[in-house]
Enquirer: 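Submitted below is the structure of interest, expressed as structure tokens.
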Amino acid sequence: MTITTNVVEKGTPWATYRRRGYFFREAAMLTIAVGFFLHLFRVIFGNDLALQYVVTRESDMLLLIPMTYAAITGILSYRRMVFANRVHRVALTASLGYITASVPLHLYVLFVLHDVSFYVHMAGYWFSYFLLIAVYPAFLTLFAKLQYRN
């Protein structure tokens, strides 16, 4: 008697895309990683060099692409996310809120203010240190541990 199980199931590309949460985790980690390096550059080299070489309209537009994608797919896949405990749920919801709230801010700065130096002047170095030391590592850890219900 031979018993076979369907262990490896080839699905459609759409099924894989949906099963992986529309690749929210990857887009969110990319967004946070880029933000991490922008803030790190600011802390290491100062505001003037950051504004001259890194924090530009072009870099902000490039950051806006994965940020917007992560916000949309995070909202779409939220109900299928599996949380380890209540703290994980609250923290991941806060991270999704952070990314989602950042989209209109970046759109406003890019297309209404036309001045990305707003970010640098809005908050002092303490804000970058806070994000680099506490917030971004926590968000990256949350996203790395994220799983989905299939």
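Throughout, residue positions are numbered sequentially from 1 according to the sequence presented.
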Enquirer: Taking atom CZ as the centre, does R80 end up with more than 12 heavy-atom neighbours from other residues, nucleotides or ligands that are less than 6.0 angstrom away?
Expert: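 Result for CZ/R80: enclosed.
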Enquirer: Minimum heavy-atom separation for T68 and L64, please, with both atom names.
Expert: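 Shortest heavy-atom contact: OG1-O, 2.7 Å.
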Enquirer: Taking all atoms of both residues into account, what is the closest heavy-atom pair of D115 and S117, and its distance?
Expert: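 Closest heavy-atom pair between D115 and S117: OD1-OG, 2.6 Å.
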Enquirer: Decide if atom CG of D48 counts as having more than 12 heavy atoms of other residues, nucleotides or ligands within a radius under 6.0 Å.
Expert: no
Enquirer: In this structure, is the centre-to-centre distance between the rings of Y129 and W126 below 6.0 Å?
Expert: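 No.
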Enquirer: Please enumerate all residues that pass salt bridge (Lys or Arg N to Asp or Glu O under 4.0 Å) together with R89, with sequence neighbours excluded.
Expert: none
Enquirer: At their closest point, which heavy atom of A27 faces which heavy atom of Y69, and how far apart are they?
Expert: CB-CD2, 3.5 Å
Enquirer: Run the side-chain contact (heavy atoms from CB on, under 4.5 Å) test on T93 and Y78 for me, step by step, so that the C-alpha distance in whole Å, both residues' side-chain angles and the decisive distance to 0.1 Å come before the verdict.
Expert: CA-CA 9 Å; T93 303; Y78 186 79; 2.6 Å; yes
Enquirer: With sequence neighbours left out, write down each residue that passes side-chain contact (heavy atoms from CB on, under 4.5 Å) with I44, or none if nothing qualifies.
Expert: L40
Enquirer: Return the minimal non-hydrogen interatomic distance between P137 and T141, and the atom names on each side.
Expert: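 Nearest pair, atom of P137 first, then T141: O-OG1, 2.8 Å.
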Enquirer: Count the heavy atoms belonging to other residues, nucleotides or ligands that lie under 6.0 Å from OH of Y108, then report whether that count exceeds 12.
Expert: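 No, not enclosed.
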Enquirer: Going from CZ on F127 to CE on M122, what distance comes out if it is rounded to the nearest 0.5 angstrom?
Expert: 5.5 Å
Enquirer: Taking only residues two or more places apart in sequence or in another chain, which ones pass side-chain contact (heavy atoms from CB on, under 4.5 Å) with V135?
Expert: F130, L131, F139
Enquirer: Does NZ or CZ of R42 come closer than 6.0 Å to the centre of the six-membered ring of Y125, within 45° of the ring's axis?
Expert: yes
